[in-house]
Amino acid sequence: MAEITLDEAKKEAASLRTQLNEWADAYYSKDAPEVEDNVYDQSYNRLLELEKEFPEIVTPDSITQRVGGQIDNEFTKVEHPIPMLSMGDVFSKDELKEFDQRMQKMVGHPVEYNVELKIDGLSLSLEYENGKLVRASTRGNGYVGEDVTANAHYIADIPQTLPEPLTTEVRGECYMGKEAFAKLNEEREEQGLSVFANPRNAAAGSLRQLDPKVTKKRQLSTFIYTWVNPPEGITSQHQAIERMHELGFHTNGTGRKLATLDEIFDFIDEYTAKRNSLTYGIDGIVLKIDDLNIEQELGNTVKVPRWEIAYKFPPEEQET
Ligand SMILES: NC(=O)c1cnc(N)c2cc(Br)sc12
């Protein structure tokens, strides 16, 4: 950590707490996230770093002292032993090239990527015991999330029972399609209710409901893209997606295993052009090293996995 004085640490910590409280309130109390998960996580981790370096600056009301790290609410808390990390972002093809060079340097040879759409929703974990859905949870701060199992029973594309008695965990994105979003806001406007700013907020507000009957009335969907503990024989991300699809999970069929940057750039150009015509929101493209063993070897930094990156699109022009 760069050398800073106690006084500077106090000032920076106070500023981080104010900002994090505002973001957490927007996310947890208003279902209107103001920033992406990884922006929130960076500030939260910086505050943790300062409080670790200068324990005397910790205050009882600091957001790091709260159960789950955020404003507590009525949801049962769920620990994520394998954290639901966000992911690093890049905003240009040059930066993607640097990422690829970094991967090749670390791995020692060229790597293949599974390239997938980055869905604009909120992260969701699904846990199964002997093939039965026993728990669904949000990411929360990545380490502690909220139990939304009762609501997950009302999301049509989530398999409540698997065709095999697997005890396993998968993760993905809960989202609201553009059509369902427009219909929901139309209904809310007719009822004189506030409207959701975007499908992501609508999905958050519909999944993070204390009353499952409200979730039941909303048309939520999922795309599942991570197998936390894949069975023997599943050695690549591409294979994991295919097998999860066979087990009944709703996976996004656009993923491709690509080996060259030119192919990846073509994929980015293709979905930049297709973005507005998709029935769901995307905010970028995700590159993941396809070989799961390499992913394991590379592991994560304190904040994000080393082996994947999100290429972010510019914000969508709002239709006037
Ligand atoms: N395809 C994917 O891996 C993917 C899609 N959509 C997202 N919002 C995210 C977020 C993380 Br973290 S990974 C991922």
Side-chain angles (χ1 to χ4, degrees), residues 27 33 35-42 44-45 80 82-91 96 99 112-126 137-143 145 157 169-178 198-204 207 220-228 230 234 236-245 249-258 264 267-268 270-272 274-275 278-292 295 298-313 315-316:
Y27 181 94
V35 289
E36 289 265 329
D37 292 341
N38 66 323
V39 171
Y40 179 89
D41 293 354
Q42 282 162 6
Y44 186 84
N45 290 321
H80 298 305
I82 297 178
M84 292 179 76
L85 296 177
S86 52
M87 131 172 63
D89 281 349
V90 295
F91 300 86
L96 266 190
F99 171 77
E112 280 194 309
Y113 297 102
N114 206 56
V115 186
E116 304 169 13
L117 299 182
K118 190 171 182 299
I119 312 303
D120 201 3
L122 67 157
S123 297
L124 179 68
S125 159
L126 300 174
S137 55
T138 64
R139 79 182 291 277
N141 65 7
Y143 300 91
D157 66 17
E169 178 185 0
V170 297
R171 294 172 176 175
E173 203 79 3
C174 176
Y175 71 94
M176 184 177 287
K178 293 174 184 174
N198 54 54
R200 185 170 187 258
N201 291 4
L207 178 65
L220 286 177
S221 306
T222 62
F223 280 125
I224 302 302
Y225 46 68
T226 296
W227 206 338
V228 174
I234 301 283
S236 81
Q237 170 65 8
H238 204 79
Q239 222 185 349
I241 297 254
E242 283 176 347
R243 184 70 188 115
M244 289 191 287
H245 179 72
F249 291 106
H250 188 224
T251 56
N252 187 292
T254 63
R256 273 180 227 155
K257 188 161 69 169
L258 301 174
I264 292 167
F267 185 93
I268 287 173
E270 179 183 347
Y271 279 94
T272 301
K274 287 180 177 175
R275 184 181 184 190
L278 293 173
T279 58
Y280 49 88
I282 62 172
D283 61 355
I285 303 290
V286 178
L287 258 68
K288 310 173 177 183
I289 288 185
D290 192 47
D291 184 317
L292 296 181
E295 281 186 14
L298 292 182
N300 307 326
T301 67
V302 169
K303 297 163 184 164
V304 293
R306 285 193 183 87
W307 43 268
E308 66 179 354
I309 199 79
Y311 170 88
K312 297 300 292 294
F313 291 142
E316 266 183 313

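Both counts, for ligands and for their atoms, begin at 1 and track the order of listing.
For Tyr271 and Phe313, the ring centers are positioned 6.0 Å apart or more.
Scanning all heavy atoms of the two residues, the minimum distance from Ser86 to Arg139 falls at N-NH2, 3.5 Å. Of all heavy-atom pairs between Glu169 and Trp227, the closest is O-CD1, 3.4 Å. Counting all heavy atoms, side chain and backbone alike, Leu124 lies closest to Leu207 at CD1-CD2, 4.0 Å.
Applying the side-chain contact (heavy atoms from CB on, under 4.5 Å) test between Glu242 and each of His238, His245, Met244 identifies His238 as the sole match.
In this structure, Lys118 and Met87 have side chains that are in contact, with non-hydrogen atoms separated by less than 4.5 Å.
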Atom pairs and distances, ligand 1 N/O vs protein N/O under 3.5 Å:
unit_1	atom_1	unit_2	atom_2	d
ligand 1	1 (N)	Glu116	OE1	2.6
ligand 1	1 (N)	Leu117	O	3.4
ligand 1	3 (O)	Glu116	OE1	3.4
ligand 1	3 (O)	Lys288	NZ	2.6
ligand 1	6 (N)	Ile119	N	2.8
ligand 1	8 (N)	Ile119	O	2.9
ligand 1	8 (N)	Glu173	OE1	3.1
ligand 1	8 (N)	Glu173	OE2	3.3

